[in-house]
There are 2 protein chains.
Amino acid sequence: MGAHESPNCPVARRLKEARLGAGLSQRRLGIAAGIDPGTASTRINRYERGAHIPDYSTLTAIAHVLNVPVAWFYADRDDLASWILAFDSSLSPRN
Amino acid sequence: MGAHESPNCPVARRLKEARLGAGLSQRRLGIAAGIDPGTASTRINRYERGAHIPDYSTLTAIAHVLNVPVAWFYADRDDLASWILAFDSSLSPRN
DNA sequence: ACACTAAGAGTGTCTTAGCCT
DNA sequence: AGGCTAAGACACTCTTAGTGT
């Protein structure tokens with residue numbers, strides 16, 4: 001196993017989906033998540049292409065910017081992803 | 001950042017919680033997930049102690065053994081974890 | 001049998017320095 | 001500007017070998 005590609009990890013496609021929904025560039029999302037401006041574009045790009053997987057603290061920062069729970073990135077089915085968002089939106093805005 | 005301890009990643013405690021619930025030893029869970037018997041105990045132990053984080057394919061195999069979605073391991077709140085399990089138990093018959 | 005650990009081997013991510021559109 | 005990539009630097013996980021319960 002000498003590969004360095006992530007098999008079927010949903011993080012890549014969820015990240016792209018959420019970033020585009022927020023109207024951010026790869027670079028601007030990375031900077032907003034606290035990543036060094038010089039590497040923000042490269043790192044977010046690698047995550048979206050599925051080449052690398054972000055560690056937990058990085059993903060937590062990204063999740064905060066995009067207003068989703070970290071678990072949402074790991075939802076392997078679209079219906080589960082929606083289910084998680086439904087939970088999320090029922091506790092941020094008070095009524 | 002020279003540390004090799006996972007900060008607040010929920011995977012460690014969720015894994016232990018689910019394994020104990022299933023009544024499996026660290027070694028038996030690892031073997032059931034397809035990990036080499038010679039390293040199963042060590043690896044699962046590292047995951048539960050928060051020393052290492054399993055990669056996606058390993059976590060997928062563990063999730064299958066324990067009957068939970070991968071996303072559940074990343075639920076940072078107990079109420080979100082319960083919410084995810086509620087979804088999981090309602091999809092045996094097709095939708 | 002079960003839980004756990006150190007340390008070298010092995011595998012992955014991060015940074016630098018770019019190209020292409 | 002925005003998307004994307006290779007390759008060395010660097011950090012992490014995995015395996016081996018072993019301790020203690």
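Worth knowing before you read on, the calculation uses all heavy atoms, side chains too, and leaves out hydrogens, waters and symmetry mates. A, B, ... follow the sequence lines: proteins, then strands. Residue 1 opens every chain.
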To the nearest angstrom, how far is [X] atom [atom1] from [N] atom [atom2]?
| X | N | atom1 | atom2 | value |
| --- | --- | --- | --- | --- |
| E48(B) | dC4(C) | CD | P | 7 Å |
| I53(B) | dT13(C) | CD1 | P | 12 Å |
| D55(A) | dT13(D) | CG | C1' | 13 Å |

What does nucleotides 15-21 of chain D look like as a protein-contact string, B for base, S for sugar-phosphate only, - for none, at under 4.0 angstrom between heavy atoms? BBB----
Near DNA chain C, under 4.0 Å by heavy atom, which residues of residues 11-31 of chain A?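 Those residues whose heavy atoms fall under 4.0 Å from DNA chain C, taken from residues 11-31 of chain A, amount to none.
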Fit a plane to each ring of W83(B) and W83(A), take the angle between them on a 0 to 90° scale, and name the class: parallel (under 30°), tilted (30 to 60°) or perpendicular (over 60°).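 Aromatic pair W83(B)/W83(A) classed parallel.
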Nearest to the side chain of R49(A), heavy atoms from C-beta on, is which of dC4(D), dC4(C), dC14(C)?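 Nearest nucleotide to the side chain: dC4(D).
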Any donor-acceptor pair under 3.5 Å from R27(B) side chain to P37(B) backbone: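 Confirmed, R27(B) side chain pairs with P37(B) backbone.
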If only atom types and distance count, is the side chain of R46(B) paired as donor or acceptor with the main-chain N or O of H52(B) below 3.5 Å?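 Not a single qualifying donor-acceptor pair exists.
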Does either side chain, that of T58(B) or that of D55(B), offer a donor lying less than 3.5 Å from an acceptor on the other one?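 Yes, because at least one side-chain N or O of T58(B) sits under 3.5 Å from a partner of the opposite role on D55(B).
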Between T42(A) and N45(A), a side-chain donor and acceptor under 3.5 Å: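 Their side chains do not contain a donor-acceptor pair, so the 3.5 Å distance test is not met.
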Distance test, side-chain N/O of Y47(B) to OP1/OP2 of dT13(D), below 4.0 Å: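 Checking Y47(B) against dT13(D): no side-chain N or O falls below 4.0 Å of OP1 or OP2.
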Would you check if I31(B) and D36(B) make a side-chain contact, meaning some heavy-atom pair closer than 4.5 Å?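 Result no, sub-4.5 Å side-chain heavy-atom pair not found.
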Testing K16(B), R43(B), E48(B) for side-chain hydrogen bond (donor to acceptor under 3.5 Å, both in side chains) with Q26(B), which one passes?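 Of the listed options, the one satisfying the test is E48(B).
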Salt-bridge present (R14(A), D78(A); N to O < 4.0 Å):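 Result for this pair is yes, salt bridge flagged.
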